[in-house]
Amino acid sequence: MLDRKPTDVEEPGTMEGLWSLPEPSGSRFQRIFWHHPLARWGILGIILLTGFSFLGPLLYHGSPYTLHLTALLQPPSAHFPLGTNNLGRNMLARLMLGGQTSLEVGFAAAISAMAIGIIYGVIAGYAGGWLDALMMRIVDLLRAIPGLFLLIFLDSLVTPSPMLLVLLIAFTSWHGVSRLVRAEVLSLKSRLFVEASVSSGAGPIHIAVRHLFPNILGTVIVATTFMVADAVLVIASLSFLGMGLPPPIPNWGAMLADSMAYLPQHAWWLIYPPGLAVLWTILSISFIGDGFRAALDTRLSATYRGGKAL
Amino acid sequence: MMKYSLNRVFQAIPTLILLSIASFVLIHVVPGGPAVVMLGDKATPALIAQINRSLGLNKPLWVQYMVWLGQLVRGNFGYSYSYHQSVASLILLNLPRTLILVVTAIAISHVIAIIVGVYQASRRGQPVDHTLTALLYFLYAMPTFWLGVLMVSVFSIGLGWFPSGGLYNPLLGHATVGSYLVHMVLPVSVLVIGSVAGWGRYMRSSMSETLTQDYIRTARAKGLTECTVMMHHALKNSLLPLITLVGMSLPALFSGALIIEMIFDYPGMGLLFWNAAQQRDYPILLGIVIIIGVLTILGNLIADLLYAVVDPRIQYQ
């Protein structure tokens, strides 16, 4: 069973055996991640998606903006492989461009949120006391207001550009990472190697960079990966609701929202491609996230490093 | 347990205070400021000056905050300029419809998630378990808005089984319980599918973990039937953390309800919020953000306190 901790082992000799178990983390990561069945599919999925969104427009020269007034609401044909919408716009070209914005904004938002979350979590966890309590109540507050409501509210105050959208999404989603980071820092700062560093005169910046950061990296990478998926979903949901990036910038969510008026005409080519694209993206990123979790979960390997026993 | 409960309550109070401070700040950020938020389209310069005086905008900020908070606690959320009504009356009309949607979905999702989780745990490692795991994973990644559109396209427009939106059939002129229920089927289903995907996955792992415990082996060794072991020994303990999970899922459920109400034209708080965003009706937007924040904080608090009642082992960390 996995709940076999070093503390359960009586003889010191056996404990030494357990401590010498871990190999260099690079090989452990490669051994688990590249053999994780879902992670491989996720990598393949994201490569295909990136190729479709960024290389696709180089191979397929349809304009996402041109209005083909003679071909309104056309089903897929040789000329328009995914048909046209009610304004006669080329759906395949729009799907590709929509993928570009989704991926760019999604990754940028997740990485910004990660940066805020790490700094916030390290400060809260390391400072402790009243500052930690106050900082965590702010996190509680952000957790209590559904992200979509907050985003719609902020969206109604400004007209978002891609850059602003990145900041808005980061602002509404960093708190998850900060909670995880704070919890890790709380448990790390009472460990011997941190105390040893403190007693030998290391400053807080040195400890954060050299001791805390490397140890929270695994948790952060896993959380950030899932945050990319969440960000892509949020962008699509916002634009489905008519917020987010203003038209005519194509987005999968807005494409789907536009198609709702043509449901009675059974315009299936307007409904399935954008929805499948969102699902494809979320599944691929989640698969990779699961792979990362299996390969990087520090809580699993912490037992073997003897961390809890110290 | 008393200590835990008190600690938990004391943790919720500062969050509520922070919520009110954040909302107060937002009112001042909103174009037009507090007077316009209170008055809406009735805002004439004379009235604005009068409101500014009565709100004490020349007084220190903390006095303004206390006055505003006093109004809020008495239920004065301001006046909507697109609906020409007080925000409180609009929320009172629409909030119950959203709560019915969300509570019904929570109840149905629980039943399904528990059945699926227990079934999977009892068939652990078999093909049916893997199939269900894959299905739940797939549904978990399914965007709510796409699921909603697909439901309308298949069950409403394609098969014609259910109405595509609204609260009741306007051709009948009045709402009947039957008509209301029929209109609830699709919106509730979308919310249920999303929740079951999350909670079913959780129930499976919770049940599987419980089944490895020593007291389960003891129960089996006593010669109890597998059904008794599952239902009386394992299920009860696996259910406990589900209470906390519901509390934590509240924000996601409200977000889901917003999208669903918009797709199905279901006149709840989400649709009110969405319409208000189109109109830039800030009093409604702020009022709903405050109400939802309070509901979520209280919901989480109640969930945690309930957990302490059913599981006395819990300690405040």
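Letters A, B, ... are given to chains in the order of the sequence lines, protein chains preceding strands, and every chain is numbered from 1. Atom set for the values below is all heavy atoms of this structure, side chains included, hydrogens, waters and symmetry mates excluded. What you see is a predicted model, and the numbers here were worked out from it, not measured in a lab.
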Subject >> Nearest-0.5 Å distance that lies between atom CD1 in B/Ile288 and atom CD1 in A/Ile145 >> reply: 13.0 Å
**OP:** Using a cut-off of under 4.5 Å on heavy-atom pairs, state which of B/Pro14, B/Ser153, B/Pro143 scores highest against chain A.
**Re:** B/Pro143
Original post:
Can you say whether A/Ala229 sits under 4.5 Å from chain B via the side chain, the backbone, both, or neither, judging by heavy atoms?
Top reply: neither
**OP:** Measure A/Ile138 against the heavy atoms of chain B and call it side chain, backbone, both or neither at under 4.5 Å.
**Re:** both
Original post:
What distance do B/Leu26 atom CG and A/Leu154 atom CG have between them, rounded to the nearest 0.5 Å?
Top reply: 7.5 Å
Original post:
More than 12 non-hydrogen atoms from neighbouring residues, nucleotides or ligands closer than 6.0 Å to CZ on B/Arg97, yes or no?
Top reply: yes
Original post:
Quick one: what part of A/Asp290 sits under 4.5 Å from any heavy atom of chain B, side chain, backbone, both or neither?
Top reply: side chain
Subject >> Any A/Trp252 side-chain heavy atom under 4.5 Å of B/Trp146 side chain >> reply: no
Original post:
Do the side chains of A/Leu241 and B/Phe145 get nearer than 4.5 Å, heavy atoms only?
Top reply: no
Original post:
Given side chains that start at C-beta, do those of A/Phe149 and B/Ile292 come closer than 4.5 Å, heavy atoms only?
Top reply: yes
Report all side-chain donor-acceptor pairs from residues 250-261 of chain B shorter than 3.5 Å, counting only partners two or more places apart or in another chain.
unit_1   : atom_1 : unit_2   : atom_2 : d
B/Ser255 : OG     : B/Pro251 : O      : 3.3
B/Glu261 : OE1    : B/Met269 : N      : 3.4
B/Glu261 : OE1    : B/Gly270 : N      : 2.6
B/Glu261 : OE1    : B/Leu271 : N      : 2.8
B/Glu261 : OE2    : B/Thr98  : OG1    : 2.8

**OP:** Let me know if A/Leu276 has heavy atoms under 4.5 Å from chain B in its side chain, its backbone, both or neither.
**Re:** both
Original post:
In Å and rounded to the nearest 0.5 Å, what is the CD to CD1 distance from B/Gln278 to A/Ile152?
Top reply: 8.5 Å
Subject >> Proximity breakdown for A/Met136 and chain B, heavy-atom pairs closer than 4.5 Å >> reply: neither
**OP:** Flag the one option from A/Ala133, A/Ser156, A/Gly147, A/Ser237 with the top tally of heavy-atom pairs under 4.5 Å to chain B.
**Re:** A/Ser156
Original post:
Of the backbone (N, CA, C, O) and the side chain (C-beta and beyond), which part of B/Tyr140 lies under 4.5 Å from a heavy atom of chain A, both, or neither?
Top reply: neither
Subject >> Distance, nearest 0.5 Å, that separates CE of B/Met142 from CD1 of A/Ile282 >> reply: 10.0 Å
**OP:** Select one option (side chain, backbone, both, neither) describing which atoms of B/Met262 are under 4.5 Å from chain A's heavy atoms.
**Re:** side chain
Original post:
Side-chain contact, heavy-atom cut-off 4.5 Å: B/Leu150 with A/Ile271?
Top reply: yes
Donor-acceptor contacts, no H, no angles, side chain residues 16-24 of chain B, under 3.5 Å, sequence neighbours left out:
unit_1  : atom_1 : unit_2  : atom_2 : d
B/Ser20 : OG     : B/Ile17 : O      : 2.6
B/Ser20 : OG     : B/Tyr65 : OH     : 2.5
B/Ser23 : OG     : B/Leu19 : O      : 2.6

